[in-house]
Amino acid sequence: MKRKVTTLIGDILGLIGAFVIFIIPFLFMVVNSLKERTEANLLNISLPSEFQWSNFVDAFSAQNYQILTAFKNSILLTLFSVLGLIVVGSMAGYVIQRRRDKLMGTLNALIAIGLMIPAAVMPTIWLLQFLHLYKTMFGMVLVEIGLQIPFTTMLYRGFMASVPRELEEAALIDGSSVPRLFVSIVFPLLRPVTATIIILNACTIFNDFTNPLYFFPGSENVTVQLTLYNFMGQYSSSYNLLFADVIIITIPMLIVFIIFNKQLVEGMTAGAVKG
C-alpha cells in the first residue's frame, strides 16, 4: 500500500513538472500570438482582449512569404540528412556489432567521443570552403549527417544485437553475398529502431538553428528556425508576430511526434533492452 502511494505521488509530481515545463510555455506562446502588439509586449499569459487571428497571416506573409522558402529548405535538408543517416548509420552499426577486433573497438570509442565533442565552427567552415560546399544544400546535409552519425550508429549497434546470427549464417550458406544479406535480411528487421531514428533525427535537424546559421547563410538558404532570427531582427518589439511564427513552424514536428510517438517509445525500449 505504501509503495502504491509513493508511486501515485511520483506520478502526480511528474505530471505537474511536465505541465510546468512543456504546457505552460506553449500556452504562453499561443495566447500572446493572438494579441495585438502592445498587449503582447507585456509578455503575460492572460487571455487577449480581442483575438487577432490576422497575426498568423502577417507572420506567414512576412518578407515576401519567406517562410515558404524556409519550409522547402528545411524539408529537403531533413529528408536527405535522415536518408543519409539511415544508410551510413545502419551499415556502421552492423559492422561494429558483428566484428570483434581492436579496430572496431577503436571506432566504437571514436563514436562515443563524437557524442560529447561539439562541432568546431571555423574549421568546418574552412573545410566546406575548400571543398566549395559552403552555403550549399549538399554541404549542409553533410554537416548534419556528420553531427548525428554517432547517436544514430549507437542506436543501430544496440538494436543489432537482437538480430539472430543464425539468419545470416543460413543466408551465407545459401550463397548470398554480404551486401545482399544486409539489404534483404538484416535491414528489414531493423524497422523499429529505424522508425525511432527517423523521428528523433527529423525533429533534431528540422529544429536546428545554429548549424544552418553558421554553415548555410543567405536569404535564399533560410530554414524555418532562421525565420525567427530574421523575424526578430525586423520586428524586435512585435512579440505577437514572433510567437505566431513560432507556432507556425512548431506545428509540423508536433504533428509528426504525436503520430509516431508509439513507434518512438517502442524503438527506444527495444534498443535499450536488446542492445
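All values below were derived from every heavy atom in this structure, side-chain atoms included, with hydrogens, water molecules and symmetry-related copies excluded.
One distance of note links CE of M160 with CG of L155; it measures 11.0 Å at 0.5 Å rounding. Rounding to the nearest 0.5 Å gives a distance of 11.5 Å between OG1 of T204 and CD1 of I197. The structure places CZ of F216 at 11.0 Å from NZ of K135, a figure rounded to the nearest 0.5 Å. Considering OG1 of T124 and CD of Q129, their distance stands at 11.0 Å, rounded to 0.5 Å. The CD atom of E39 lies 10.5 Å from the CG atom of L34; values are rounded to the nearest 0.5 Å. Distance check, rounded to the nearest 0.5 Å: CD of Q225 to CG of L213 gives 11.5 Å.
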*asked:* side-chain contact (heavy atoms from CB on, under 4.5 Å) for L77 and N73? Distances and angles first, verdict last.
replied: CA-CA 6 Å; L77 176 61; N73 290 333; over 6 Å; no

*asked:* Quick one, E168 with R98, criterion salt bridge (charged side-chain N to carboxylate O under 4.0 Å, His left out). Give me CA distance, side-chain angles, the key distance, then yes/no.
replied: CA-CA 11 Å; E168 302 170 38; R98 288 299 188 249; 2.6 Å; yes

_Set out, in order, the CA-CA distance, both residues' side-chain angles and the distance that settles ring pair (Phe, Tyr, Trp, His ring centres under 6.0 Å) for Y94 and Y156, then state yes or no._
CA-CA 7 Å; Y94 175 70; Y156 270 121; over 10 Å; no

*Checking side-chain contact (heavy atoms from CB on, under 4.5 Å) for the pair T223/L226: CA distance, chi angles, key distance, verdict?*
CA-CA 5 Å; T223 59; L226 291 183; 3.6 Å; yes

*Step-by-step side chain to side chain donor-acceptor pair (under 3.5 Å) determination, Q66 to T227*: CA-CA 8 Å; Q66 187 185 59; T227 60; over 6 Å; no

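In this structure, the side chain of Q52 does not engage the main chain of S54 through any donor-acceptor pair within 3.5 Å. Using a distance-only test at 3.5 Å, with no hydrogens or angles considered, no donor-acceptor pair links the side chain of D245 to the main chain of L241. Distance alone, capped at 3.5 Å, is enough to place a donor-acceptor pair between the N32 side chain and the N44 backbone. Remark: side-chain polar atoms of T69 are not paired, donor with acceptor, to backbone N or O of Y65 under 3.5 angstrom. Remark: side-chain polar atoms of N201 are not paired, donor with acceptor, to backbone N or O of E144 under 3.5 angstrom. Formation of a donor-acceptor pair under 3.5 Å by the K35 side chain with backbone atoms of S46 is found in this model. Between the side chain of S162 and the backbone N or O of F159, at least one donor-acceptor pair lies under 3.5 Å.
Side chain to side chain, D208 and N211 meet the donor-acceptor criterion of an N or O pair below 3.5 Å.
Criterion: ILVMFWY side-chain heavy atoms under 4.5 Å apart, direct or through other members. Under it, L172 and V95 are part of a common hydrophobic cluster. At a threshold of 4.5 Å between side-chain heavy atoms, the hydrophobic network of Ile, Leu, Val, Met, Phe, Trp and Tyr places V30 and Y239 in one connected group. Under a hydrophobic-cluster definition in which Ile, Leu, Val, Met, Phe, Trp and Tyr are linked whenever side-chain heavy atoms come within less than 4.5 Å, directly or via other members, L142 and W126 are assigned to the same cluster. There is a path of hydrophobic side-chain contacts, each under 4.5 Å, that joins F26 to V31. Residues I251 and F206 fall within the same hydrophobic cluster, defined by Ile, Leu, Val, Met, Phe, Trp and Tyr side chains chained together at heavy-atom separations under 4.5 Å.
Nearest heavy-atom pair across A161 and Q97 is CB-NE2, 3.7 Å. Contact between A244 and S33 at its shortest, heavy atoms only, is N-CB, 3.5 Å. Across all non-hydrogen atoms, the minimal contact from V224 to S74 is N-OG, 2.9 Å. Considering all non-hydrogen atoms of both residues, M29 and V246 come closest at SD-CG1, 3.2 Å. Closest non-hydrogen pair, I205 versus S81, comes out as CD1-CB, 3.4 Å. Across all non-hydrogen atoms, the minimal contact from F187 to I86 is CZ-CG2, 3.6 Å.
Using a 4.5 Å heavy-atom threshold, the side chains of F151 and I111 count as separate. For the pair L190/V163, a side-chain contact is recorded, criterion being any heavy-atom separation below 4.5 Å from C-beta on. Contact annotation: the side chain of K72 never approaches that of L68 to less than 4.5 Å [non-hydrogen atoms, C-beta and beyond]. P48 places none of its side-chain heavy atoms less than 4.5 Å from the side chain of E36. Here the side chains of T153 and V88 are not in contact, with every heavy-atom distance at 4.5 Å or above.
F215 pairs with exactly one of T136, L133, V143 by the side-chain contact (heavy atoms from CB on, under 4.5 Å) rule, that one being V143.
Relative orientation of the F243 and F28 rings is perpendicular, given thresholds of 30° and 60° on the angle between their planes.
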